[in-house]
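Index from 1, following the sequence.
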Amino acid sequence: MQPMRTLRGERNMWFVSITAVWLLVISIIDVRKRRVPVWTLAIGGILVLIKCICRNGEYLDVISGMLPGVFLLLTAFVSQKAGYGDGVALLILGMISGAGKSLMIFGFSLFLAAVFSVVMLVLGKAGRNTAIPFLPFLAAAWLAVMI
């Protein structure tokens, strides 16, 4: 039974690594272009399909993991202050990570963005209405929670 655990752990490590690379790529695109192309989010959808196939019936955790992403998408729709790409990326990460980790990722990414914003305000590098890309904070929070 020991070799099977090692195989699952190794498979999970590869999946975390692939997801980390995906997050890094979309974060760089978000910083440079302030937009996230649909094709990059489609790659995240493929990751979700692979993870759902490997989960073996834990679909309630997948659905409840979507809630922070749905909340961010609704916020983007109502206020026009958040990006839809950010919401879809969080939705994808929630489906991959599950409910508990999804909430931690969302909360920690908001915390990181707030700290960054305060530092930028204090240094005079940004104003009150300066937009910042959210995906780098989401990526950092995801890595922190997964590691």
Side-chain angles (χ1 to χ4, degrees), residues 5-6 8-55 58-147:
R5 275 191 196 156
T6 306
R8 283 186 187 159
E10 187 175 304
R11 216 179 349 187
N12 191 37
M13 180 189 71
W14 277 105
F15 193 78
V16 168
S17 300
I18 291 168
T19 306
V21 168
W22 172 72
L23 277 171
L24 180 65
V25 168
I26 64 172
S27 294
I28 291 170
I29 293 171
D30 190 28
V31 168
R32 288 187 178 172
K33 297 186 178 186
R34 303 289 179 156
R35 295 198 178 278
V36 182
V38 173
W39 67 267
T40 59
L41 296 174
I43 292 171
I46 293 168
L47 291 172
V48 168
L49 286 175
I50 293 168
K51 188 68 172 185
C52 285
I53 290 169
C54 295
R55 281 214 167 174
E58 296 176 16
Y59 299 111
L60 185 60
D61 195 39
V62 171
I63 292 170
S64 56
M66 294 169 58
L67 292 177
V70 170
F71 174 76
L72 191 56
L73 282 171
L74 287 173
T75 302
F77 180 73
V78 171
S79 71
Q80 301 295 318
K81 298 285 183 181
Y84 291 108
D86 301 330
V88 172
L90 182 59
L91 190 75
I92 289 168
L93 289 177
M95 292 167 71
I96 290 171
S97 305
K101 289 181 181 177
S102 178
L103 285 171
M104 289 185 344
I105 292 165
F106 185 47
F108 192 52
S109 63
L110 289 174
F111 173 76
L112 292 173
V115 169
F116 177 80
S117 298
V118 168
V119 168
M120 294 302 282
L121 283 170
V122 168
L123 294 175
K125 302 279 185 180
R128 184 174 169 212
N129 293 322
T130 302
I132 59 170
F134 185 65
L135 282 175
F137 303 109
L138 196 57
W142 184 80
L143 283 172
V145 168
M146 295 310 284
I147 294 173

Would you please test Leu138 and Leu90 for side chain to side chain contact (heavy atoms under 4.5 Å, CB included) and show each step? CA-CA 8 Å; Leu138 196 57; Leu90 182 59; 3.6 Å; yes
Side chain to side chain contact (heavy atoms under 4.5 Å, CB included) between Leu135 and Ile29, intermediate numbers included: CA-CA 9 Å; Leu135 282 175; Ile29 293 171; over 6 Å; no
Side chain to side chain contact (heavy atoms under 4.5 Å, CB included), that's the test. Do Thr75 and Val78 meet it? Break it down for me. CA-CA 5 Å; Thr75 302; Val78 171; over 6 Å; no
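Nearest heavy-atom pair across Thr40 and Pro37 is OG1-O, 2.6 Å. Minimum heavy-atom separation, Arg34 to Ile132: NH1-CA, 3.8 Å. Shortest non-hydrogen contact noted between Ala141 and Leu112 is N-CD1, 4.0 Å. Minimum heavy-atom separation, Val48 to Ile92: CG2-CG2, 3.5 Å. Across all non-hydrogen atoms, the minimal contact from Val16 to Met146 is CG2-CE, 4.1 Å.
Take Ala20 and apply the side-chain contact (heavy atoms from CB on, under 4.5 Å) test, not counting sequence neighbours, and it matches Trp142, Leu143. Applying the side-chain contact (heavy atoms from CB on, under 4.5 Å) criterion to Val31, with sequence neighbours excluded, gives Pro133, Pro136. For the ring pair (Phe, Tyr, Trp, His ring centres under 6.0 Å) test, residues two or more places apart in sequence or in another chain that qualify with Phe116 are Phe137. Checked against side-chain contact (heavy atoms from CB on, under 4.5 Å), Leu73 has the following partners two or more places apart in sequence or in another chain: Tyr84, Val88, Leu91. Every residue meeting the side-chain contact (heavy atoms from CB on, under 4.5 Å) condition with Ile43, not counting sequence neighbours, appears here in chain and number order: Trp22, Trp39.
Shown here is Arg35, whose CZ atom has no more than 12 heavy atoms of other residues, nucleotides or ligands within 6.0 Å.
Separating the CD1 atom in Ile18 from the CD1 atom in Ile46 is a distance of 11.5 Å, to the nearest 0.5 Å. Between Ile96 atom CD1 and Leu49 atom CG the span is 10.0 Å, to the nearest 0.5 Å. Expressed to the nearest 0.5 Å, how far CG of Leu23 lies from CG of Asp30 amounts to 11.5 Å.
Applying the side chain to side chain donor-acceptor pair (under 3.5 Å) test to every pair with at least one member in residues 63-73, sequence neighbours left out, gives no pairs at all.
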Distance-only check: which donor-acceptor pairs under 3.5 Å involve side-chain atoms of residues 98-111, not counting sequence neighbours?
{"residue": "Ser102", "atom": "OG", "partner": "Gly65", "partner atom": "O", "Å": "2.8"}
{"residue": "Ser109", "atom": "OG", "partner": "Ile105", "partner atom": "O", "Å": "3.0"}
{"residue": "Ser109", "atom": "OG", "partner": "Phe106", "partner atom": "O", "Å": "2.8"}

